[in-house]
Amino acid sequence: MKKVALILAGCGVYDGSEIYESVLTMLSLENHDASYQCFAPDIDQLHVVNHLSGEVVEGERRNVLVESARLARGRVKDLSEAKVADFDALIVPGGFGVAKNLSDFAVKGADMNVQPEVLSFIQAVHAAAKPVGLICIAPTMAAKIFGPGVKCTIGSDADTAAAITAMGGSHQACAVEEVCIDEGNKLVTTPAYMLAGSIAEAARGINRCVREVLNMA
């Protein structure tokens, strides 16, 4: 049975990991007879968003690891404990928390940095020649992780694609049910809710992403 590490960014589309994308990834892994372990960095979120109003809640602080435990039913570990040797592959679901907590893309755009623990672990996975899947907004981290020329997709959003290009990535336009595969870097990306209009649409691309990652493992 192949074992996959998942990196979560909190819980909730606007300030953490996108819940549907995360659960669909977990379900797809199980349906492909793979196991997984969730991880998250033990850091504060950039901010907290009221998911009913969409507004930032002033003065409230939440922890990425603690919030990720909501999504993982408590079965999540501090990313600092993750060991590359224990896994065959890595997948990062989307959600604005990827651009706010796992990186600062939401604030700095093409001048972004990836959170140090996240960067170190994913680069170690890559150095071990193990495949990586990045979903939804997560491919904005690709150029910072894999270097110039890496192929990836966030679907067709022009501004986000331009930022990826500015960072040295090679953005490939992609439909919601499709994936972009960079064979040399063992990287698989899919748009999910960057394009999806329903959970069923998101599921098709995520399922294909999971399948391709496992095939590479």
Side-chain angles (χ1 to χ4, degrees), residues 1-9 11 17-41 65 68-69 71-95 97-98 102 114-115 117-139 141-142 145-147 150-153 172 174 176-193 196 199-217:
M1 177 180 286
K2 293 174 182 176
K3 189 171 183 180
V4 179
L6 298 183
I7 298 181
L8 301 179
C11 183
S17 287
E18 212 292 324
I19 294 172
Y20 292 173
E21 291 178 357
S22 301
V23 173
L24 287 168
T25 300
M26 296 173 193
L27 176 62
S28 184
L29 285 166
E30 289 199 9
N31 284 339
H32 283 90
D33 295 320
S35 66
Y36 62 87
Q37 172 63 56
C38 296
F39 294 95
L65 178 58
S68 296
L71 184 49
R73 296 174 61 88
R75 295 190 291 273
V76 61
K77 296 181 179 181
D78 189 331
L79 183 58
S80 66
E81 300 177 24
K83 297 179 180 179
V84 173
D86 293 340
F87 299 96
D88 300 296
L90 166 71
I91 297 177
V92 185
V98 175
L102 303 189
V114 180
Q115 196 272 342
E117 282 185 334
V118 174
L119 178 63
S120 177
F121 185 66
I122 302 179
Q123 286 186 331
V125 170
H126 175 56
K130 297 180 179 183
V132 174
L134 300 176
I135 295 170
C136 189
I137 196 71
M141 301 189 295
I145 294 167
F146 297 92
V150 61
K151 293 192 298 182
C152 62
T153 189
Q172 312 291 307
C174 188
V176 66
E177 73 277 6
E178 296 177 342
V179 297
C180 173
I181 301 175
D182 184 329
E183 295 281 358
N185 285 304
K186 288 192 172 182
L187 173 65
V188 185
T189 54
T190 193
Y193 271 100
I199 191 170
E201 284 189 351
R204 286 192 283 273
I206 289 171
N207 190 58
R208 186 172 176 186
C209 178
V210 167
R211 183 172 67 249
E212 296 293 348
V213 167
L214 292 175
N215 284 342
M216 285 185 177

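- Expressed to the nearest 0.5 Å, how far SG of Cys11 lies from CD of Glu18 amounts to 10.0 Å.
- Note that the CZ atom of Arg208 and the OG atom of Ser28 stand 12.5 Å from one another [nearest 0.5 Å].
- The environment of Phe87 atom CZ is dense: over 12 non-hydrogen atoms of other residues, nucleotides or ligands sit within 6.0 angstrom.
- Between Pro41 and the choices Leu65, Asp78, Leu102, the side-chain contact (heavy atoms from CB on, under 4.5 Å) rule is met once, by Leu102.
- In this structure the side chain of Val118 never reaches within 4.5 angstrom of the side chain of Val92, judged on heavy atoms.
- Here the shortest heavy-atom pairing between Lys130 and Ala85 reads NZ-CA, 3.8 Å.
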Are Ser22 and Leu8 close enough, and set up right, to give a side chain to side chain contact (heavy atoms under 4.5 Å, CB included), and what steps lead you there?
CA-CA 8 Å; Ser22 301; Leu8 301 179; 3.9 Å; yes

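- A donor-acceptor contact shorter than 3.5 Å links the side chain of Lys2 to the backbone of Leu214.
- Between Cys152 and Ala142 the shortest heavy-atom distance is SG-CB, 4.1 Å.
- Looking only at distances, a side-chain donor or acceptor of Gln123 sits under 3.5 Å from a matching main-chain atom of Ile145.
- Taking each heavy atom of Gln172 and Cys180 in turn, the nearest pair found is CG-SG, 3.6 Å.
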- Message: Could you walk me through whether Leu90 and His126 satisfy the side chain to side chain contact (heavy atoms under 4.5 Å, CB included) test, starting with their C-alpha distance in whole Å, then the side-chain angles of each, then the deciding distance to 0.1 Å, before giving a yes or no?
- Response: CA-CA 9 Å; Leu90 166 71; His126 175 56; over 6 Å; no

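- Distance NE2/His32 to CG/Leu27: 10.0 Å, rounded to 0.5 Å.
- Below 30°, between 30° and 60°, or above 60°: for Phe121 and Phe39 the angle between ring planes is between 30° and 60°, a tilted geometry.
- When each of Ile135, Val132, Ile7 is paired with Ile91, the side-chain contact (heavy atoms from CB on, under 4.5 Å) condition holds for Ile135 and for no other.
- To the nearest 0.5 Å, atom CZ of residue Phe146 and atom CD1 of residue Ile122 are 7.0 Å apart.
- Counting only heavy atoms from C-beta outward, the side chains of Pro93 and Met26 never approach each other to under 4.5 Å.
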- prompt: Under the side chain to side chain contact (heavy atoms under 4.5 Å, CB included) criterion, do Val4 and Asp88 qualify, and how do the steps go?
  reply: CA-CA 6 Å; Val4 179; Asp88 300 296; 5.8 Å; no

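- The side-chain contact (heavy atoms from CB on, under 4.5 Å) with Cys209 is formed by just one residue from the set Ile181, Thr189, Val179; it is Val179.
- Put simply, CZ on Arg211 and CG on Asn31 are 12.0 Å apart, with the number rounded to the nearest 0.5 Å.
- Within the 3.5 Å criterion, the main-chain N or O of Ala202 finds no donor-acceptor partner in the side chain of Glu21.
- The shortest non-hydrogen separation linking Cys136 to Gly95 is SG-N, 4.3 Å.
- With rounding to the nearest 0.5 Å, the separation of CG in Asp182 from OG1 in Thr153 is 12.5 Å.
- Val210 pairs with exactly one of Thr25, Thr190, Leu24 by the side-chain contact (heavy atoms from CB on, under 4.5 Å) rule, that one being Thr25.
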**Study point:** Pair Lys151-Glu183, side chain to side chain contact (heavy atoms under 4.5 Å, CB included): steps then yes or no
**Key:** CA-CA 9 Å; Lys151 293 192 298 182; Glu183 295 281 358; over 6 Å; no

